[in-house]
Amino acid sequence: MNELEQALLALVPVDGSSIGNQSLLERLKGQFPQISDEAFWAARDGLIEQGVLQKGRGRGGSVLRAQASGSSLADQALNKARGRFEPANAAEVSADYVVEAAAAVKKGKAAKVQPATGIEDMKKTLWATADKLRANMDAAEYKHIVLGLIFLKYISDSFAGRRAELERKLTDENDDYYLGDDDPEALNAELEDRDYYREVNVFWVPEVARWESIRAAAKQVDIGKRIDEALAAIEAENPKLKNILDKRFARVQLPDGKLGELVDLISTIGFGEDIGKARDLLGQVYEYFLGQFASAEGRRGGQFYTPASIVKTLVAVLNPHHGKVYDPCCGSGGMFVQSEKFIEAHGGKLGDVSIYGQEANPTTWRLAAMNLAIRGIDFNLGKEPADTFIRNQHSDLRADFILANPPFNISDWWHGSLEGDSRWVYGTPPQGNANYAWLQHMLYHLKPNGRAGIVLANGSMSSSQNSEGEIRRAMVEADVVEVMVALPGQLFFNTQIPACLWFLAKDKRHALSTGGIDRSGQVLFIDARKLGTSVSRVQIELTDADIERIASTVAAWRSEALDEGGQVGEYADIPGFCRSVALTEIAEHGHVLTPGRYVGAEEVQDDDEAFAEKMQRLTRQLGEQMQKGAELDQLIRQKLGGLGYEF
């Protein structure tokens with residue numbers, strides 16, 4: 001396939017729809033001004049003979065791809081490989097293989113067979129390749145380039161999928177959408193009707209911004225400018241995305257050609273035949289890349305990303321199954337994404353909850369909006385990025401569930417306008433630490449029967465500096481503290497400060513309780529510091545089994561089923577792990593809420609050996625070890641003496 005044929009193929013829609021010959025020629029002349037009609041027809045006919053394109057309907061003549069699912073170079077390579085080896089899922093072929101196979105197709109060579117490697121391997125391969133293209137560019141800057149391109153491909157793929165679905169419906173005599181007209185121009189005009197896309201929550205993508213247009217221009221020197229223009233065109237057509245897309249590609253500091261290579265790499269994501277699976281894969285890749293960038297940025301990474309295992313724990317304990325979900329410091333939106341995953345995994349459906357959030361950092365606010373949009377989640381993140389305390393953009397909101405990981409111990413949060421604020425029900429927070437401002441802000445926005453889960457530094461459980469001890473006492477006495485969980489260390493990318501989880505509730509009578517249990521006047525303490533497993537030299541994460549243990553303990557204490565329709569477990573205190581404690585006992589401890597103070601020591605299994613016999617055995621064992629030690633000391637002295645180093 002020569003250069004002209006490649007360019008022509010790239011201009012043919014990947015969603016299976018056709019393009020008129022004249023329109024195709026005009027677009028091709030934009031890249032090859034000197035092209036003659038004869039050269040165009042030769043290239044077109046050559047692709048038809050190769051079986052890559054086929055003739056379409058219409059008075060002026062048209063062409064479409066031979067496979068409706070899209071026939072990029074990567075797709076062709078993948079299809080060739082399928083003829084010799086069929087992996088279980090197209091999305092399980094590694095990205096390196098697709099790129100390599102596409103190059104083989106270009107050269108007319110057979111692609112090497114690659115066994116399926118799994119989606120996790122694919123994500124790692126994509127990350128490794130993308131990170132290599134980064135060269136010396138700072139990870140904090142590069143993440144906006146990569147994630148922006150993934151988002152652009154996602155909305156383009158979603159649009160293409162809806163367009164292909166519409167074309168089938170409009171031409172099916174048995175479908176309610178049937179157009180009743182065999183005129184290709186009328187069909188194309190109908191396919192451009194924006195209402196068809198908005199009715200299923202799909203963003204309208206102008207032609208200049210569709211991925212095939214971006215990919216066709218990947219090797220052009222002005223590819224950065226073209227991407228910025230594409231993003232601007234998408235924002236103009238979709239008010240929901242206004243000021244959200246980061247248009248920085250024209251000024252990106254990457255070596256020549258690297259941005260185009262990145263476009264080619266991202267073109268391999270979601271090349272399977274099922275558009276739904278492709279979109280899900282893009283969402284997974286986006287989430288994976290967020291985590292990798294957070295790790296690469298270290299301390300700064302925690303500003304926009306909460307480790308997945310902490311988010312999963314918050315969600316599993318809160319069980320957000322309906323209503324309004326709010327995060328006042330939402331970062332890149334991980335709490336919302338995990339809430340939707342949880343709902344779908346437990347029999348609910350996307351849309352059972354309404355999403356409300358706020359974020360002060362403008363670039364992080366954009367990441368959150370894209371992270372939610374890429375999954376088709378409707379959201380309200382406020383009109384703009386803004387400080388939650390000073391410019392509360394959801395002042396009238398009362399949420400069913402609140403999940404948050406606010407920055408720990410921030411000291412520069414106070415503003416004079418906050419004096420006497422209606423949120424400070426339990427006392428004015430100290431100006432040098434925002435921990436108790438966050439807690440009270442969330443309680444203020446909680447419905448009477450709502451629940452909140454917040455990640456805070458361990459110091460928040462026991463600090464008595466300034467007014468913190470008094471505020472905590474007032475909260476405990478008001479019976480709004482439901483569960484306290486001490487977490488293991490090293491869970492975060494950005495800090496080694498030990499952390500804990502606060503779960504708040506204004507009503508502990510637990511409306512969801514099957515047994516009608518009332519936990520008023522009690523707090524459940526869980527010491528999870530011994531849980532977790534190492535995933536690297538510097539980081540630990542909670543396993544799914546750890547998360548389930550914490551969540552099932554809380555559910556049993558509430559007398560609720562962990563899963564809808566499931567059985568209710570029986571709660572019991574476990575020394576060293578969990579204990580339900582009355583408020584009177586907490587008051588005796590000065591209203592300190594550290595779980596270790598209440599759960600006691602872990603029970604040691606009795607081996608039934610009599611004390612006198614055990615002491616005799618251990619004393620004998622110690623004597624033997626001391627004798628052996630003395631013999632080794634003497635041997636060392638002899639060896640050193642033989643070398644002339646007596647002592």
Side-chain angles (χ1 to χ4, degrees), residues 310 313-314 317-318 402-410 424-430 433-444 446 450-489 491 495 497-508 510 519-531 542 550-551 553-554 557-558 571 573-602:
I310 297 176
T313 304
L314 279 173
V317 171
L318 286 178
I402 299 177
L403 307 90
N405 173 26
F408 293 174
N409 305 322
I410 54 172
W424 315 146
V425 173
Y426 304 99
T428 302
N433 193 313
N435 287 346
Y436 280 84
W438 287 116
L439 287 167
Q440 293 191 81
H441 173 87
M442 294 172 205
L443 279 167
Y444 177 82
L446 204 59
R451 294 174 178 170
I454 305 105
V455 188
L456 283 176
N458 267 5
S460 64
M461 298 188 289
S462 57
S463 172
S464 295
Q465 293 180 350
N466 301 310
S467 58
E468 289 182 336
E470 286 302 306
I471 296 173
R472 187 172 58 254
R473 178 189 61 76
M475 288 174 62
V476 170
E477 290 178 350
D479 205 13
V480 295
V481 180
E482 184 187 28
V483 182
M484 297 296 301
V485 181
L487 296 171
L491 285 172
T495 180
I497 298 174
C500 62
L501 301 180
W502 289 65
F503 291 96
L504 309 176
K506 293 181 178 178
D507 186 350
K508 296 184 187 176
H510 300 121
R519 289 292 185 181
S520 300
Q522 299 175 61
V523 175
L524 175 63
F525 290 93
I526 296 177
D527 190 345
R529 289 176 297 175
K530 292 183 180 179
L531 303 184
L542 295 169
I550 294 170
T553 299
V554 177
W557 183 76
R558 291 173 176 158
Y571 174 79
D573 292 340
I574 301 174
F577 178 67
C578 65
R579 184 170 169 239
S580 185
V581 180
L583 300 189
T584 51
E585 183 177 342
I586 295 172
E588 292 171 3
H589 288 274
H591 299 97
V592 169
L593 297 176
T594 308
R597 181 169 294 208
Y598 300 98
V599 300
E602 188 175 356

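For clarity, every value in this text was computed on a predicted model and none was experimentally measured. We count residues from 1, following the sequence as given.
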Any donor-acceptor pair under 3.5 Å from [X] side chain to [Y] backbone:
{"X": "K508", "Y": "G521", "answer": "no"}
{"X": "D573", "Y": "S580", "answer": "yes"}
{"X": "S463", "Y": "S460", "answer": "no"}
{"X": "R519", "Y": "W557", "answer": "yes"}

Is there side-chain contact between [X] and [Y], with heavy atoms separated by less than 4.5 Å?
{"X": "Y571", "Y": "R558", "result": "no"}
{"X": "L524", "Y": "F503", "result": "no"}
{"X": "P429", "Y": "Q440", "result": "yes"}
{"X": "V485", "Y": "V317", "result": "no"}
{"X": "L501", "Y": "V455", "result": "yes"}
{"X": "R529", "Y": "P595", "result": "no"}
{"X": "T428", "Y": "S467", "result": "no"}
{"X": "Y426", "Y": "L439", "result": "no"}

Q. So N466 and N433, side-chain contact (heavy atoms from CB on, under 4.5 Å) or not? Walk me through it.
A. CA-CA 9 Å; N466 301 310; N433 193 313; over 6 Å; no
Q) Where does the angle between the aromatic ring planes of H589 and Y598 fall among parallel (under 30°), tilted (30 to 60°) and perpendicular (over 60°)? A) perpendicular
[atom1]/[X] to [atom2]/[Y] distance, rounded to the nearest 0.5 angstrom?
{"X": "L504", "Y": "D479", "atom1": "CG", "atom2": "CG", "result": "11.5 Å"}
{"X": "I310", "Y": "N405", "atom1": "CD1", "atom2": "CG", "result": "6.5 Å"}
{"X": "I550", "Y": "L314", "atom1": "CD1", "atom2": "CG", "result": "10.0 Å"}
{"X": "N458", "Y": "L593", "atom1": "CG", "atom2": "CG", "result": "11.5 Å"}

Q: Run through Q522, R597, R579 and flag the one making a side chain to side chain donor-acceptor pair (under 3.5 Å) with E585.
A: R579
**Q.** Of E470, H441, R472, the residue whose pairing with Y436 passes side chain to side chain donor-acceptor pair (under 3.5 Å)
**A.** R472
(Q) Let's go through I586 and V523 carefully: what are the C-alpha distance in whole Å and the side-chain angles of both, what is the deciding distance for side-chain contact (heavy atoms from CB on, under 4.5 Å) to 0.1 Å, and is it a yes or a no? (A) CA-CA 9 Å; I586 295 172; V523 175; 3.7 Å; yes
**Q.** Trace of the side-chain contact (heavy atoms from CB on, under 4.5 Å) decision for L542 with L487
**A.** CA-CA 9 Å; L542 295 169; L487 296 171; 4.3 Å; yes
Q) Run the side-chain contact (heavy atoms from CB on, under 4.5 Å) check on W502 and M461 step by step: do they pass? A) CA-CA 9 Å; W502 289 65; M461 298 188 289; 4.3 Å; yes
